[in-house]
**Student:** 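Starting off with a structure, shown below.
Letters A, B, ... mirror the listed sequences (proteins, then strands); counts begin at 1. Bear in mind that the values here come from a model prediction, so they are computed numbers and not experimental data.
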Amino acid sequence: MSASDITQYFDYIFMAMLLCIGIAVIRLRNLFAVVMLTGAYSLISAAWFVSLDAVDVGFTEAAVGAGISTVLLLGAMLLTSREADKTSLGRHAAAAVVTIAAGAGLFYALGDMPVYGDAASPANTGVGMEYVDLTAEQIVIPNVVTAVLASYRGFDTMGEVFVVFAAGLGVALLIGLGGSKREED
Amino acid sequence: MLEVLAERFNYAVIIVLMMVGLYAVIATGNLVKRLVGLSIFQTSVFLLYISVSKVFGGAPPIFDYKDLAYDKLDPNAIYSNPLPHVLILTAIVVGVATLSVGLALVVRIREAYGSIEDDTLAEADYSLELEKGV
C-alpha cells in the first residue's frame, strides 16, 4: 500500500453498514421493513459517495434513490401485499449456487481492476481528467460534473430524458391515469 | 496475492454487496422483494464505478469560483475523476425509471392474479392452460 487517504477509514464503516443491511433485507419477510431498509441502504450509499468525492452523485442518490424509489416501493407495497412468503430450501440452494458462481467470476477479474485511489491508473488518466482542464478554459463554470453532463456529453443526458419519458408512458399505459374506470364484467 | 487484494479491498467488498443483491433477487418469490434486490444490486454497481474514480488526496471536481473568475486556478490541484460521476448520475435516474415500470407491472399482476408470489402465479397459469386443454 503506497498512498492512503483519511476517507479510507470511512469506507470500512460504510461497507460494514451496507453489508448488515443487505443481509437483513435477505432475511426479513415483512415488506415494509425491507422497503425502509432499502431506503437506508441508498442513504448510506449517498454518504459514501460524498466521502468518495462524488458530491453530485451523493445528492442525486439521496434525493432519487433514497427518496423517490422508497416512495414508489412503499406505494407498490401498499397496493399489493405486506408480507412475503417463506422461501423454500431449494430456492436458497439455487440462489447460493448462482451467487457463488457469479461472485467467483468477479473475484477472478479483481486483479485486473485499477488500484484503488491511484491517480495514475488508466481509468483516471484519460478523457475524464481532460474534462477538468477543458472546463476551466471552455465552459468556465465551477462544477466540472455539470459541464460534462450538460455540454460535453449532452447527448447522453438527452437520451436519459427519452428513457424517463418512455418509462413514464409505460407506467401510464400499465396502470392508467385514473381517469375512466373500466366496466365491470 | 494478498497485496493485490489489499489494494482493491473496496472492490472486493462491493462485489460481495452485489452478490447480496443478486441473492435477494433469486431467493425470494415475492415480486416486490425481487425489485428491492435489483435496486440493491444496482446501487452496488454505482459504488463500484465511483470507487474507481476516487483519487487519494483529491478534491471533488468543483473549482473555487473566485479562483476561476480571476484565472488563478492552481494547475497542480488534484481532483477526482468527474467522468464516472456523470455516467452514474444518468444511471441513477434511469434506474428509478425502470424501477417504476417494474412496480407498475407488479401492481397490474396483483390486479389480474390476486397475488405477487411467483409459485402462485405459475400455478394459476398452469390451471388456466389445463382448462383450455393446451
**Student:** Given the rule in the side-chain contact (heavy atoms from CB on, under 4.5 Å) test, do A:S81 and B:N30 qualify, once you have shown the distances and angles that lead to the verdict?
**Tutor:** CA-CA 9 Å; A:S81 70; B:N30 186 290; 3.8 Å; yes
**Student:** Taking B:S80, B:A24, B:G21 one by one, which has the highest count of heavy-atom pairs under 4.5 Å against chain A?
**Tutor:**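 Between B:S80, B:A24, B:G21, the count favours B:S80.
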**Student:** Of the backbone (N, CA, C, O) and the side chain (C-beta and beyond), which part of B:I40 lies under 4.5 Å from a heavy atom of chain A, both, or neither?
**Tutor:** both
**Student:** Flag the one option from B:V16, B:V94, B:L35, B:T43 with the top tally of heavy-atom pairs under 4.5 Å to chain A.
**Tutor:** B:T43
**Student:** As an exercise: rank B:I15, B:V32, B:L99, B:T120 by heavy-atom pairs under 4.5 Å with chain A and give me the winner.
**Tutor:** B:I15
**Student:** Hey, which of A:L73, A:V55, A:I68, A:I21 has the most heavy atom pairs under 4.5 Å with chain B?
**Tutor:** A:L73
**Student:** Only counting residues at least two apart or in another chain, list the ones meeting salt bridge (Lys or Arg N to Asp or Glu O under 4.0 Å) with B:R34.
**Tutor:**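 Checked B:R34 against salt bridge (Lys or Arg N to Asp or Glu O under 4.0 Å); matches are B:D118.
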**Student:** What is the distance from atom OG1 of A:T87 to atom CD1 of B:I26, rounded to the nearest 0.5 Å?
**Tutor:** 12.5 Å
**Student:** Main chain of B:G57, side chain of A:D5: is a donor-acceptor contact present, judged purely on distance under 3.5 Å?
**Tutor:**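 Yes; at least one donor-acceptor contact below 3.5 Å.
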**Student:** Tell me whether B:R8 is salt-bridged to A:D118, with the criterion being a basic N under 4.0 Å from an acidic carboxylate O.
**Tutor:**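 Not counted as a salt bridge, because no side-chain N and carboxylate O are separated by less than 4.0 Å.
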**Student:** Would you mind telling me which of B:M18, B:E117, B:Q42 has the largest number of heavy-atom pairs within less than 4.5 Å of chain A?
**Tutor:** B:E117
**Student:** Would a distance-only check, ignoring hydrogens and angles, find a side-chain to backbone donor-acceptor pair under 3.5 Å from B:Y11 to A:P114?
**Tutor:** yes
**Student:** Atom OG1 in A:T60, atom CG in B:L89: separation rounded to 0.5 Å?
**Tutor:** 4.5 Å
**Student:** Quick one, B:E3 and A:V115 - any side-chain contact, counting heavy atoms below 4.5 Å?
**Tutor:**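 No, every pair of side-chain atoms sits at 4.5 Å or beyond.
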**Student:** Would you say A:V57 and B:F46 make side-chain contact, with heavy atoms under 4.5 Å?
**Tutor:** no
**Student:** Between atom CG of A:D85 and atom OG of B:S115, what is the distance when rounded to the nearest 0.5 Å?
**Tutor:** 7.0 Å
**Student:** Most heavy-atom pairs under 4.5 angstrom with chain A, which of B:A104, B:A12, B:P60, B:S53?
**Tutor:**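 If we count pairs closer than 4.5 Å to chain A, B:P60 comes out on top.
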**Student:** Do B:K54 and A:Y116 come close enough that some side-chain heavy atom pair is under 4.5 Å?
**Tutor:**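 B:K54 reaches A:Y116 side chain to side chain.
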**Student:** Judged by atom type as modelled, is there a donor-acceptor pair below 3.5 Å linking the side chain of A:E160 to the main-chain atoms of B:V93?
**Tutor:**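 Not at all, since once roles are kept as given, no pair shorter than 3.5 Å links the two residues.
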**Student:** Using non-hydrogen atoms only, which part of B:I14 is less than 4.5 Å away from chain A: side chain, backbone, both, or neither?
**Tutor:** side chain
**Student:** I'd like to verify something: which residue of B:V13, B:L5, B:I78, B:V4 has the highest number of heavy-atom pairs under 4.5 Å with chain A?
**Tutor:** B:V13
**Student:** Please classify the contact between B:L22 and chain A as side chain, backbone, both or neither, with a heavy-atom cut-off of under 4.5 Å.
**Tutor:**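 It is both, since atoms from each part get that close.
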**Student:** Need one label for B:A69: side chain, backbone, both or neither, based on atoms under 4.5 Å from any heavy atom in chain A.
**Tutor:**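 Neither part.
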**Student:** Has A:N124 got a side-chain atom pairing as donor or acceptor with B:V52's backbone, closer than 3.5 angstrom?
**Tutor:**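 Such a contact is found between A:N124 side chain and B:V52 backbone.
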**Student:** Measure the spacing between OH of B:Y65 and CG of A:N143 and express it to the nearest 0.5 Å.
**Tutor:** 15.0 Å
**Student:** Should B:Y23 and A:H92 count as side-chain neighbours, where that means a heavy-atom distance under 4.5 Å?
**Tutor:** yes
**Student:** Within the distance-only criterion (no hydrogens, no angle test), does the side chain of B:R110 pair as donor or acceptor with the backbone N or O of A:T80 below 3.5 angstrom?
**Tutor:**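 Looks like yes, one N/O pair under 3.5 Å.
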**Student:** Please classify the contact of B:L105 with chain A as side chain, backbone, both or neither, using a heavy-atom distance under 4.5 Å.
**Tutor:** both
**Student:** Sub-4.5 Å heavy-atom contacts with chain A: which residues of residues 70-77 of chain B show up?
**Tutor:**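 Listed by number: B:L73.
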**Student:** Do B:K33 side-chain atoms and A:E83 backbone N/O form a donor-acceptor pair below 3.5 Å?
**Tutor:**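 Between the backbone of A:E83 and the side chain of B:K33 there is no qualifying donor-acceptor contact (under 3.5 Å).
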**Student:** Is a donor on one side and an acceptor on the other found under 3.5 Å between the side chain of B:N81 and the backbone of A:A123?
**Tutor:** yes
